[in-house]
Protein chains: 2
Amino acid sequence: MGRPRTFDIDAAVDRAMTLFWRQGFEATSTEDLVEGLGITRGSLYKAFGSKEQLYAMALRRYCQHHAAGLIEMLDRAEQVRPAIRAALLELVEADLADPVPGCLLVNAATERSAHADTVQQVSSTMGQVESALAGALERARARGEIAADKEPRELAQFLTTFLQGLRVMGKARANRAFLENAVEVAVRALD
Amino acid sequence: MGRPRTFDIDAAVDRAMTLFWRQGFEATSTEDLVEGLGITRGSLYKAFGSKEQLYAMALRRYCQHHAAGLIEMLDRAEQVRPAIRAALLELVEADLADPVPGCLLVNAATERSAHADTVQQVSSTMGQVESALAGALERARARGEIAADKEPRELAQFLTTFLQGLRVMGKARANRAFLENAVEVAVRALD
DNA sequence: CCAGTTGTTGACTGATCGGTTCCTAATTCG
DNA sequence: CGAATTAGGAACCGATCAGTCAACAACTGG
């Protein structure tokens with residue numbers, strides 16, 4: 001009942017995600033959001049409550065989208081090591097193409113480490129990534145793809161950590177040789 | 001000539017560094033700085049010009065301090081691998097003790113990736129870290145500490161990247177077992 | 001001691017911040 | 001058709017933002 005919304009709320013969250021991703025939470029004003037989402041101030045607050053809540057929704061969207069992408073990629077992979085290598089090199093390409101946005105998860109972890117809700121969301125997604133990697137590596141070990149004496153969980157924790165470093169270096173020193181060398185050493189660590 | 005300054009400018013930059021470190025550039029107001037530095041608004045602007053310039057000075061201070069610390073540690077080390085391991089585990093301890101500040105370099109790279117000056121400063125410091133690691137690994141290889149078929153520069157690029165990831169995970173998921181496992185796998189990659 | 005120089009101080013500036021309010025518009029249910 | 005409900009829109013809110021200014025204070029060289 002009541003007047004129907006004239007804008008697509010999912011599309012609006014997507015646009016907000018892009019803004020927060022590129023500019024960060026603090027540097028994105030409500031005016032930026034009003035303009036970027038193409039709706040008025042009143043509608044924005046009616047629909048999302050506050051800048052904080054909209055950020056939380058945008059971050060959740062990013063987490064679902066990106067964790068899902070990685071998990072699917074790992075599940076579909078016939079060989080795990082090449083799949084992981086390809087996934088890391090794909091991130092390198094993304095950073096080389098446009099170093100500014102980087103990874104919203106990393107940005108959230110660093111800019112908003114004093115905000116419990118944000119840290120919780122980030123931590124939970126990192127946990128999902130870790131688990132997906134650990135599962136894939138476990139399967140790889142069972143198939144003899146990686147050595148039996150390696151602990152999949154430990155390798156996954158290592159890779160999860162390395163992955164975040166890659167996103168940081170992509171912003172700080174977006175140099176192809178550097179990033180690709182780092183990836184090759186990291187992937188070799190799985191042997 | 002002229003009236004002498006009544007505050008220690010180095011101490012003021014140090015305090016500003018601490019504020020920017022914990023809160024980020026955007027979230028630190030000039031009022032925070034006035035209060036934290038214990039000087040008045042006018043003096044702050046007379047001495048530092050702008051919030052941007054003070055941030056640049058604080059970041060430079062951090063870079064000099066931290067790059068120097070790591071380089072010295074590597075130079076003094078008798079065995080390189082244990083030294084690197086110890087350095088990484090020290091960072092883990094710092095993040096476990098207080099996950100909020102993390103690393104100002106990482107914070108700068110993520111929050112201010114659209115500001116060329118900041119990115120330049122960060123990139124240059126990462127380069128110094130990379131070079132220090134590469135030099136230490138080169139010496140280690142010459143002494144037979146690590147395998148002859150490993151490229152010190154590539155290992156250094158890998159370690160530099162991993163190091164940044166460690167600082168991110170320290171904020172996002174400050175869990176001892178996780179971080180220590182990641183470090184062990186990373187150090188093993190040097191063999 | 002005085003002119004010149006620089007630092008200190010606190011009030012002040014216009015702009016922008018995140019958020020609210022009030023009125024109107026559009027819909028559903030009875 | 002109303003009554004109820006919800007969205008849209010624009011003006012508006014106090015607070016805070018980064019930065020400036022003019023008067024005053026403390027120093028040096030002549």
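All values derive from a computational prediction rather than experimental measurement.
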Original post:
Can you tell me if CD on B:E93 sees more than 12 non-hydrogen neighbours from other groups inside 6.0 Å?
Top reply: yes
Distances for protein N/O vs nucleotides 13-15 of chain C N/O pairs under 3.5 angstrom?
none

Subject >> Atom-pair distance (CG on A:L33; C1' on C:dT16), nearest Å >> reply: 14 Å
Original post:
Out of D:dC17, C:dG7, D:dG8, which has the shortest distance to the side chain of A:R5?
Top reply: D:dG8
**OP:** Determine whether more than 12 heavy atoms belonging to other residues, nucleotides or ligands lie under 6.0 Å from atom CD of A:E52.
**Re:** yes
**OP:** Please check if the side chain of A:R173 supplies one atom and the backbone of B:S123 the other of a donor-acceptor pair under 3.5 Å.
**Re:** yes
Subject >> For atom CG of B:L19 and atom C1' of D:dA18, their distance in whole Å >> reply: 16 Å
**OP:** Starting from P on C:dT16, measure out to CD on A:E26 and report it in whole angstrom.
**Re:** 18 Å
Original post:
Can A:R60 be said to sit on top of A:Y62's aromatic six-ring, NZ or CZ under 6.0 Å from centre and within 45° of the ring axis?
Top reply: no
Original post:
Looking at B:F7, does the NZ or CZ of B:R5 lie under 6.0 angstrom from its six-membered ring centre and within 45 degrees of the ring axis?
Top reply: yes
**OP:** Decide whether a cation-pi geometry holds between A:R153 and A:F158; the criteria are a distance under 6.0 Å from NZ or CZ to the six-membered ring centre and an angle within 45° of the ring axis.
**Re:** no
Original post:
Of the options B:R112, B:K171, B:R167, which is the one that meets B:N107 in a side-chain contact (heavy atoms from CB on, under 4.5 Å)?
Top reply: B:K171
Original post:
Going hydrophobic residue to hydrophobic residue with side-chain gaps under 4.5 angstrom, can you get from B:M73 over to B:L155?
Top reply: no
Got a list of protein N/O to nucleotides 25-28 of chain D N/O distances below 3.5 Å?
{"unit_1": "D:dA25", "atom_1": "O4'", "unit_2": "B:R3", "atom_2": "NH1", "d": "3.3"}
{"unit_1": "D:dA25", "atom_1": "N3", "unit_2": "B:R3", "atom_2": "NH1", "d": "3.4"}
{"unit_1": "D:dA26", "atom_1": "O4'", "unit_2": "B:R3", "atom_2": "NE", "d": "3.4"}

**OP:** Please work out which residues in residues 36-56 of chain B have a non-hydrogen atom less than 4.0 Å from an atom of DNA chain C and list them by number.
**Re:** B:T40, B:R41, B:G42, B:S43, B:K46
**OP:** Starting at CG of B:L88, measure out to CZ of B:R85 and round the result to the nearest 0.5 Å.
**Re:** 9.5 Å
Subject >> Between D:dT16 (P) and B:E35 (CD): distance, integer Å >> reply: 13 Å
Original post:
Starting at CZ of B:F20 and ending at C1' of D:dA18, how long is that distance when rounded to a whole Å?
Top reply: 12 Å
**OP:** Ignoring hydrogens and angles, state whether a donor on the side chain of B:T160 or B:E130 is under 3.5 Å from an acceptor on the partner side chain.
**Re:** no
Original post:
For A:S29 and C:dT16, is the shortest distance between a side-chain N/O and OP1 or OP2 below 4.0 Å?
Top reply: no
Original post:
Out of curiosity, A:D117 CG to A:Q53 CD, how far, rounded to the nearest 0.5 Å?
Top reply: 10.0 Å
